[in-house]
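Side chains are part of it too, since the values below use all heavy atoms of this structure and drop only hydrogens, waters and symmetry mates.
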Amino acid sequence: MDGEIDYLFNEKLTGSEIIALRNGEVVTNSIGKVKYSRIKAIPETKQLFSAVNEVAPNHLAEVIKILPYEGFENLTEIVSEMLKNEESYTKVPFYIDEDGDIRYLYADAKIQAISEFNGKEVIFEKFLMKPLDYFTARIEAEKRGTYFFYQMKNTSRVRYKSFFSAIGKQKMIAVISVFRYGDNWIIYALGGVDIIKLPFIDKAVDRAFYRRIRAFCLYTFETLEIKSGQAQMKELPQKEDEEKLFDTP
């Protein structure tokens, strides 16, 4: 995997992260801006970087996973079908509350419409991610051979407990690029939001948003391995207090 690491990733990928990827682990970081991403601007990431740059987020999370091609030959088909399923969002465990009940990342997700446009599947979906109110999003999914691209961007303002507009239209984005390289699959994801940076909530917003992107990607990767017959569902997340999106640190 040395050559692949050298080609795909830059000097920002640390030695410990390289070892983690080789061991099949997930590498996640809060990177702030696209320029701090660990993957190079290669053809397979061009679409992903372009989509994120349009939003210009000031909070950005990066997630990297490498899987062997053998045993996961139908990976792009699985991820394509999974990300069109409402339960792929509403079944993401986020934490266990004080009563021992599981709290999910999305409290609700409803597909509004599905269509084909320029070779892409376009889905309009309504989401509820507490403590935020309902918001609508446009999902684009595109599969070409061993390349798969996913993008979710909000199409409505996202309000916080109905009090004020927290995130503007098309200012929250999640993108995933899946592609084969040699004997491996590379799964690379970015999740970002452009939101007013205020000193007393900036760190809390960054931490909370990062945790949400990480939870979604970890569940997605775990589900992919289970559906490919390569793993079993892990234990539920440990009990913890949720860091509310706009709580002060």
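Between Glu44 and Ser177 the shortest heavy-atom distance is O-OG, 2.8 Å. The two residues Asn29 and Glu17 have their closest heavy-atom pair at ND2-OE2, 3.0 Å. The shortest non-hydrogen separation linking Leu105 to Met129 is O-CG, 3.4 Å. Smallest separation of non-hydrogen atoms from Leu60 and Lys33: CD2-C, 3.5 Å.
Surrounding CZ of Arg38 are more than 12 heavy atoms belonging to other residues, nucleotides or ligands, all under 6.0 Å away.
Each of Arg159, Lys126, Lys110 was scored for a side-chain contact (heavy atoms from CB on, under 4.5 Å) with Tyr134, with one residue passing: Lys126.
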Next item on the list: Report the C-alpha separation of Phe135 and Phe127 in whole Å, then their side-chain angles, then the decisive distance to 0.1 Å, and conclude whether the ring pair (Phe, Tyr, Trp, His ring centres under 6.0 Å) test is met.
Entry: CA-CA 5 Å; Phe135 66 92; Phe127 293 99; 5.7 Å; yes
Check: Could you go step by step and tell me if Tyr104 and Tyr89 meet the ring pair (Phe, Tyr, Trp, His ring centres under 6.0 Å) rule?
Finding: CA-CA 8 Å; Tyr104 294 95; Tyr89 302 92; over 10 Å; no
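The closest side-chain heavy-atom distance from Glu125 to Gln112 is not below 4.5 Å. Taking 4.5 Å as the limit, some side-chain heavy atom of Phe221 sits within range of a side-chain heavy atom of Val26. Within the 4.5 Å cutoff, no side-chain heavy atoms of Pro57 are placed close to those of Val193. The side-chain heavy atoms of Val55 and Gln170, taken from C-beta on, include no pair separated by under 4.5 Å. Within the 4.5 Å cutoff, the side chain of Leu21 has heavy atoms near those of the Ile64 side chain.
If you check the side chains of Arg138 and Thr155, you find no donor sitting under 3.5 Å from an acceptor.
Ring geometry for Trp185 against Tyr69 counts as tilted: the plane angle lies between 30° and 60°, on a 0 to 90° scale.
Here Lys65 pairs with Glu225 in a salt bridge; the nearest charged N to carboxylate O distance falls below 4.0 Å. Ionic pairing of Glu77 and Lys143 is present here: one or more N-O contacts between side-chain nitrogen and carboxylate oxygen are shorter than 4.0 angstrom.
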